[in-house]
Student: 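Before anything else, here's the structure in question.
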Amino acid sequence: VAPGLYILDMQLTDAGGDTSELAAPVYLEPQIAKQRAAVIAKLRGVVGHDAARATALYPFELAHAINEGRREVISYDFNRAIDRSEQIAAALSQGHDPLYQTTGLQNRAYRFAETGELIPYQLYVPTNWTPGRKWPLVVALHGANLDETNMLGRASGEMQKLAQEHGYIVVAPLGYRINSAYGDTRGMGKLLGADTERVRRSEADVMAVIDLVSKEYDVDPAHMYLTGNSMGGGGTWWIAAHHHGMFAAIAPAAFGGVDKDDLAGLHDVPILAVVGEKDELGMRDRVKQSAELLRASGADVQYLEIPGGTHKTAFDKAMARIFDFFASHAK
């Protein structure tokens with residue numbers, strides 16, 4: 001068969017005659033070893049340019065990790081990614097860094113110091129970005145069974161449009177691995193079956209990406225914001241509570257579950273808690289209860305229920321309100 005992505009659909013039958021189905025992606029890339037060697041050859045002798053080098057090498061390390069069973073992906077266009085790797089490597093070999101402080105939508109990777117792995121993240125930088133002034137940053141956390149490309153791509157790229165309009169940089173981390181809960185050991189981490197070390201590294205990945213982007217793009221520490229939907233909403237509650245004073249405002253969506261241990265960490269940060277009227281996972285009551293608990297403790301929290309909104313669509317419909325909320329708050 002031709003190179004590319006295939007879905008392997010398997011029907012399993014046990015000894016008792018009961019059947020079930022399993023589907024798994026299979027990527028056929030017969031030239032990948034040769035392409036990897038060519039990219040490495042071009043990078044040989046290149047010093048520095050860490051972001052560009054990591055991004056160029058990422059497709060090859062990802063493929064190796066998938067084959068070893070150490071990584072999983074929701075979807076990935078190896079052909080397109082490898083083409084970009086070759087372009088980056090060619091530019092670096094000629095003394096030009098095509099990534100550093102560039103603008104627009106970008107798929108990037110960096111070397112996670114704790115494990116040495118390359119971890120992806122997605123970034124949007126307004127096209128009118130310039131150095132020499134401080135820029136606001138929104139950190140956007142995706143939900144379960146999704147990846148770092150979800151937040152900036154959903155609703156036909158609405159978050160990119162809002163970022164451009166408001167002049168905000170947006171970064172969307174992977175969270176180390178898919179379904180790793182951004183550090184939340186109490187709820188989503190247990191529910192998704194992630195081990196505690198993987199969950200801890202998920203939070204560490206978010207913090208590392210914030211640091212990288214902040215240094216490269218002159219982020220204003222007084223205008224840093226955090227949002228997320230579903231599992232990303234849970235991560236928003238968790239990270240804000242455990243990094244007290246870091247964010248000027250937060251907007252968790254489609255996830256409730258705040259308890260008394262979170263109150264101190266969330267007491268001084270303005271909060272917009274978002275949920276859909278028709279959230280099919282039962283988050284409406286949980287988000288409302290979380291908002292009431294925080295309000296009773298004296299926290300600055302607003303509750304936004306989207307009429308007709310579902311677990312997925314409420315966040316999309318609320319995005320403009322979320323950016324307006326962020327624009328009205330600074331540390």
Side-chain angles (χ1 to χ4, degrees), residues 1-8 23-125 142 146-150 152-153 171-180 198 201-202 204-205 208-209 211-213 216:
V1 295
L5 168 63
Y6 294 85
I7 301 299
L8 181 61
V26 176
Y27 298 88
L28 299 183
E29 301 294 340
Q31 300 299 315
I32 196 167
K34 184 184 295 185
Q35 293 165 318
R36 176 180 180 274
V39 167
I40 290 176
K42 289 179 180 177
L43 292 176
R44 194 170 292 121
V46 174
V47 179
H49 306 286
D50 291 344
R53 286 173 56 89
T55 302
L57 292 171
Y58 177 67
F60 308 108
E61 291 203 12
L62 175 62
H64 183 66
I66 289 173
N67 280 345
E68 290 193 337
R70 294 184 288 107
R71 295 288 292 274
E72 65 282 331
V73 292
I74 299 300
S75 64
Y76 194 78
D77 189 337
F78 276 98
N79 286 334
R80 184 175 180 180
I82 291 170
D83 285 345
R84 184 165 180 250
S85 294
E86 292 170 342
Q87 293 165 9
I88 293 170
L92 288 175
S93 69
Q94 297 168 11
H96 169 63
D97 189 329
L99 262 68
Y100 183 70
Q101 291 189 341
T102 193
T103 62
L105 181 66
Q106 308 167 51
N107 293 310
R108 289 197 180 194
Y110 78 102
R111 188 74 65 184
F112 186 54
E114 184 176 332
T115 64
E117 300 167 277
L118 289 178
I119 306 297
Y121 63 96
Q122 196 170 62
L123 178 68
Y124 183 83
V125 180
H142 64 80
L146 299 167
D147 63 18
E148 76 283 356
T149 66
N150 170 255
L152 281 160
V171 66
L174 172 63
Y176 183 64
R177 293 284 194 273
I178 294 165
N179 293 348
S180 296
R198 175 167 164 161
R201 287 173 178 165
S202 182
D205 173 34
V209 166
D211 185 58
L212 285 171
V213 174
E216 182 175 343

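Note: hydrogens, waters and symmetry copies are ignored here, and every other heavy atom, side chains too, is used.
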Student: Quick one: pull up CD in E72 and CG in L62 and give me the separation to the nearest 0.5 Å.
Tutor: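 One gets 10.0 Å once the value is rounded to the nearest 0.5 Å.
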Student: Are any of the side-chain heavy atoms of Y121 and V213 separated by less than 4.5 Å?
Tutor: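 In short, these two side chains touch, coming nearer than 4.5 Å.
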Student: Indicate the atoms forming the closest heavy-atom contact of P25 with I7, along with that distance.
Tutor: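 Shortest heavy-atom contact: CA-CD1, 4.0 Å.
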Student: Could you state the interatomic distance from CG (D205) to CZ (R198), rounded to the nearest 0.5 Å?
Tutor: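 It comes to 12.0 Å.
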Student: Which atoms form the tightest heavy-atom contact between A54 and A109, and what is the distance?
Tutor: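 That would be CB-O, 3.3 Å.
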Student: Heavy-atom distance under 4.5 Å between the side chains of Y76 and P59, does that happen here?
Tutor: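 Answer yes - side chains close enough.
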Student: Any side-chain heavy-atom pair from V125 and Q101 closer than 4.5 angstrom?
Tutor: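 V125 does not reach Q101 side chain to side chain.
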Student: Heavy atoms, side chains only, cut-off 4.5 Å: are Y110 and D50 in contact?
Tutor: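 A side-chain contact is absent here, since even the closest heavy-atom pair is not under 4.5 Å.
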Student: Could you walk me through whether E216 and R108 pass the salt bridge (Lys or Arg N to Asp or Glu O under 4.0 Å) test, one step at a time?
Tutor: CA-CA 13 Å; E216 182 175 343; R108 289 197 180 194; 2.8 Å; yes
Student: Give a yes or no on this: more than 12 heavy atoms of other residues, nucleotides or ligands lie within 6.0 Å of atom CZ of R36.
Tutor: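 At most 12 heavy atoms, drawn from other residues, nucleotides or ligands, come within 6.0 Å of this atom.
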Student: CD of E148 to CD1 of I178: how many Å apart, nearest 0.5 Å?
Tutor: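 Interatomic distance, E148 CD to I178 CD1, rounded to 0.5 Å: 8.0 Å.
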Student: Do V73 and I66 have side chains that approach each other closer than 4.5 Å (heavy atoms only, starting at C-beta)?
Tutor: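 Counting from C-beta outward, V73 and I66 do come under 4.5 Å.
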Student: Please round to the nearest 0.5 Å and tell me the distance separating atom CG of L152 and atom CD of Q122.
Tutor: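 Between L152 CG and Q122 CD, I get 5.0 Å after rounding to 0.5 Å.
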Student: NE2 of H64 to CG of L118: how many Å apart, nearest 0.5 Å?
Tutor: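 Answer rounded to 0.5 Å: 12.0 Å.
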Student: Parallel under 30°, tilted from 30 to 60°, perpendicular over 60°: which one fits the rings of F78 and Y27?
Tutor: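 Ring orientation, 0 to 90° scale: perpendicular.
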Student: Looking at R80, I want to see if its CZ is surrounded by more than 12 non-hydrogen atoms of other residues, nucleotides or ligands under 6.0 Å.
Tutor: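 At most 12 heavy atoms, drawn from other residues, nucleotides or ligands, come within 6.0 Å of this atom.
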Student: Any donor-acceptor pair under 3.5 Å linking the side chain of S93 with the backbone of L43?
Tutor: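 A pair under 3.5 Å: no.
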Student: Find out whether R84 and N107 are in side-chain contact, i.e. whether some heavy atom of one side chain is under 4.5 Å from a heavy atom of the other.
Tutor: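 Result yes, sub-4.5 Å side-chain heavy-atom pair found.
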Student: Say you draw a straight line from OG1 of T149 to CG of D77; how long is it, rounded to the nearest 0.5 Å?
Tutor: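 Nearest 0.5 Å value for the OG1-CG distance: 11.5 Å.
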Student: Would you say that L99 contacts R53 through its side chain, given a criterion of any heavy-atom pair below 4.5 Å between the two side chains?
Tutor: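 No, every pair of side-chain atoms sits at 4.5 Å or beyond.
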Student: Go through the steps for K42 and L92 under the test side-chain contact (heavy atoms from CB on, under 4.5 Å), then give the verdict.
Tutor: CA-CA 8 Å; K42 289 179 180 177; L92 288 175; over 6 Å; no
Student: Answer yes or no: is there a side-chain heavy-atom contact under 4.5 Å between L174 and H142?
Tutor: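 Counting from C-beta outward, L174 and H142 do come under 4.5 Å.
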Student: Would you say R201's side chain and T115's backbone share a donor-acceptor pair under 3.5 angstrom?
Tutor: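 The answer is no, because no donor-acceptor pair under 3.5 Å joins these two groups.
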Student: Show your reasoning for whether side-chain contact (heavy atoms from CB on, under 4.5 Å) applies to I88 and V39.
Tutor: CA-CA 9 Å; I88 293 170; V39 167; over 6 Å; no
